[in-house]
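To keep things clear, I will list the structure first and then write my remarks on it.
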There are 2 protein chains.
Amino acid sequence: MADDRTYWPDELFADLDRTGPVPLYFQVSSRLEAAIQSGAIPPGARLENEISIASRLGLSRPTVRRAIQELVDRGLLVRRRGIGTQVVQGQVTRPVELSSLFEDLQSTGHEPGTVILAHEVVRADENLAGHLGVAVGDEIVRLRRQRTTDGVPVAVLENFLPAEFADITSGQLESAGLYQVLRARGVAIRIAKQKIGARRVQGDESDLLGIDRGHPVLTVERVAFDNSGRVVEFGHHCYRPDMYSFETTLVAK
Amino acid sequence: MADDRTYWPDELFADLDRTGPVPLYFQVSSRLEAAIQSGAIPPGARLENEISIASRLGLSRPTVRRAIQELVDRGLLVRRRGIGTQVVQGQVTRPVELSSLFEDLQSTGHEPGTVILAHEVVRADENLAGHLGVAVGDEIVRLRRQRTTDGVPVAVLENFLPAEFADITSGQLESAGLYQVLRARGVAIRIAKQKIGARRVQGDESDLLGIDRGHPVLTVERVAFDNSGRVVEFGHHCYRPDMYSFETTLVAK
DNA sequence: CTTGTGATATTGTCAGGACATGGCGCGGAA
DNA sequence: TTCCGCGCCATGTCCTGACAATATCACAAG
């Protein structure tokens with residue numbers, strides 16, 4: 001068994017930038033992740049211990065520790081006290097991130113499209129008021145869109161937003177994702193709580209998604225919060241299950 | 001506007017145990033979470049600043065910071081530099097955790113049941129070998145179970161494990177969840193990567209779940225890793241969508 | 001041969017300090 | 001009145017240092 005070696009590709013960490021705005025721990029974790037994803041550090045490999053790494057890089061142990069922790073939280077590394085840190089086996093999966101479907105598609109090289117089905121101001125019923133944190137009867141923006149990728153329908157998205165977003169135009173929504181539009185207005189989504197389920201298509205969804213009546217769809221109900229903890233958006237979407245699925249990584253504490 | 005106050009229920013943190021095995025940051029984050037969940041610290045409230053909290057509790061700032069970070073990562077708190085830390089609005093949701101369905105049901109007061117449908121040793125085909133990290137043709141354990149809650153079928157679970165788990169008995173699996181059985185053998189699941197989708201029921205699943213042919217089911221494909229990063233289990237499950245759904249919380253970095 | 005014991009390696013926890021960075025409000029200037 | 005700049009405040013980053021807890025291994029004892 002010749003696997004006593006500890007891996008640490010020193011050369012990848014030669015030119016850390018101490019003056020720039022990018023935190024040191026982030027520079028280390030980024031390059032370490034790249035080394036793992038590329039296979040430069042193979043699955044199952046043991047990393048050098050934290051103290052050695054710190055002295056090699058000229059950093060303190062907490063900084064190195066934080067960089068490693070970042071990847072532990074994302075399921076790429078596993079730590080065991082008294083043993084060391086190892087790379088997790090198994091191919092990497094891209095997890096669900098806090099970006100809209102629009103950006104997801106863009107980043108994977110596909111051509112996203114949007115058809116606005118409804119864009120109006122309505123009054124909140126009890127259910128919507130509870131989710132959005134407004135009073136029953138308050139004006140809110142209702143938005144219903146059909147999302148396509150490379151011309152093929154993927155999802156039907158229905159969203160509700162507080163009235164302060166009533167001036168968003170349909171044109172804006174046709175060329176970008178909802179979260180991009182909100183970010184351009186200075187509203188950054190920080191937290192989203194969502195429930196994923198399944199059901200049959202309902203009403204006009206089968207036509208909009210291009211599937212037969214009675215076919216299953218993957219559903220998501222989501223509440224999104226901005227960086228001050230306020231509710232910014234509530235929506236329920238349905239996806240063609242043959243075109244989309246959710247990938248997550250769970251890490252036990 | 002009388003919301004200039006900062007909340008910090010001092011009395012909840014009076015008796016921190018410095019001698020016991022429970023880390024201080026964990027004691028703080030646990031009680032802080034309880035205070036938020038119970039409403040003692042209301043949604044939108046601002047916490048006192050970290051330095052004051054640290055001096056109040058007689059702890060260092062890094063310790064307090066770590067406790068707060070714990071809740072930020074779980075979407076209960078939001079931090080803004082220069083501003084402070086606030087409680088996120090919106091009702092709390094119990095997220096998907098790294099526990100099996102069996103434990104999920106137990107903890108919510110329901111009565112889980114298991115029917116073993118298949119329990120055998122098979123040889124890995126190419127697909128299974130790839131997921132489990134074994135060679136094609138190697139012996140692996142195949143397990144198929146029907147899961148019920150209060151007598152109602154909820155899911156059909158099919159799992160594959162390495163041959164070293166061939167001595168697990170059906171009796172063990174009928175009285176506990178798979179992850180509980182593995183933990184009793186000293187194998188702790190630390191990481192799971194899963195893909196959530198939807199499809200129609202297939203084959204005998206409709207009978208096992210008590211739903212009509214053609215009905216939708218929620219599907220999960222999961223690979224689980226132990227604390228040394230090795231693959232321990234691969235499985236694909238399907239759930240009755242009217243009985244089960246997944247809740248997750250996403251936090252932007 | 002088995003068991004226990006101690007040494008060693010490595011991560012886990014905690015302290016205390018220093019400086020950087022970004023919001024926000026206030027006061028002064030245009 | 002409006003706008004700009006300055007200072008305060010709270011979190012963000014990073015450092016040094018120390019001790020605790022746990023897994024592994026070698027080695028001695030039964």
Side-chain angles (χ1 to χ4, degrees), chain A residues 1 3-8 16-30 45-73 77-86 186 188 190 226-229 253, chain B residues 1 3-8 16-30 45-73 77-86 186-188 190 226-229 252-253:
Chain A
M1 193 92 183
D3 210 349
D4 293 352
R5 274 183 306 167
T6 57
Y7 287 73
W8 190 254
L16 295 176
D17 179 14
R18 274 181 177 277
T19 64
V22 182
L24 289 170
Y25 75 89
F26 187 80
Q27 294 182 48
V28 174
S29 72
S30 302
R46 242 185 67 213
L47 258 52
E48 207 171 325
N49 73 71
E50 297 172 349
I51 301 187
S52 304
I53 293 174
S55 77
R56 271 176 190 272
L57 301 187
L59 300 174
S60 71
R61 190 180 158 213
T63 300
V64 171
R65 220 178 134 64
R66 179 161 182 187
I68 292 176
Q69 187 63 43
E70 202 85 8
L71 301 187
V72 170
D73 290 339
L77 294 175
V78 172
R79 284 210 264 222
R80 276 187 297 170
R81 148 163 21 181
I83 305 297
T85 306
Q86 284 179 299
R190 280 283 283 278
D226 70 358
N227 53 16
S228 71
K253 299 194 9 173
Chain B
M1 193 92 182
D3 211 349
D4 294 352
R5 274 184 306 168
T6 57
Y7 287 73
W8 189 255
L16 295 175
D17 180 14
R18 276 181 175 276
T19 64
V22 182
L24 289 171
Y25 76 88
F26 187 80
Q27 294 182 47
V28 174
S29 73
S30 301
R46 243 185 65 212
L47 259 52
E48 207 171 326
N49 74 69
E50 298 172 348
I51 302 189
S52 305
I53 293 174
S55 76
R56 269 176 192 271
L57 301 186
L59 301 173
S60 70
R61 189 179 161 212
T63 301
V64 172
R65 221 178 133 65
R66 180 162 181 186
I68 292 176
Q69 187 64 43
E70 203 85 6
L71 301 187
V72 170
D73 290 340
L77 294 176
V78 173
R79 283 210 266 224
R80 276 187 298 171
R81 142 156 44 178
I83 305 297
T85 306
Q86 283 179 297
V187 177
R190 280 283 284 278
D226 70 359
N227 53 16
S228 70
K253 300 192 7 175

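These values consider heavy atoms only, across backbone and side chains, with no hydrogens, waters or symmetry-generated copies. Throughout, a chain's letter reflects where its sequence line sits, starting with A, and its residues are numbered from 1.
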OP1 or OP2 of [N] versus the side-chain N and O atoms of [X]: is any pair under 4.0 Å?
X: A/Arg65; N: C/dT11; answer: no
X: A/Thr85; N: C/dT11; answer: yes
X: B/Arg79; N: D/dG12; answer: yes

Nearest atoms (heavy-atom pairs only) where B/Arg190 meets A/Arg79: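 Closest pair (atom of B/Arg190, atom of A/Arg79, distance): NH2-O, 3.6 Å.
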
Non-hydrogen atoms of B/Asp226 and B/Val187 that approach each other most closely: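 Closest pair (atom of B/Asp226, atom of B/Val187, distance): CB-CG1, 4.0 Å.
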
Salt bridge (Lys or Arg N to Asp or Glu O under 4.0 Å) against A/Glu48, all qualifying residues, sequence neighbours excluded: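 Here the qualifying residues are A/Arg56.
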
Side chain of [X] (C-beta onward), nearest among [options]:
X: B/Arg46; options: D/dT13, D/dA10, D/dA21; result: D/dA10
X: A/Ser60; options: D/dC15, C/dC14, C/dA18; result: D/dC15
X: A/Leu59; options: D/dC15, C/dG12, C/dT13; result: D/dC15
X: B/Ile83; options: D/dT16, C/dT11, C/dG23; result: C/dG23
X: A/Arg61; options: C/dC14, D/dA18, D/dC15; result: D/dA18
X: A/Ile51; options: C/dT13, D/dG12, C/dT11; result: C/dT11

Residue closer to the 5' end of DNA chain D, B/Asn49 versus B/Gly20 (nearest nucleotide):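 Closest to the 5' end, via its nearest nucleotide, is B/Asn49.
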
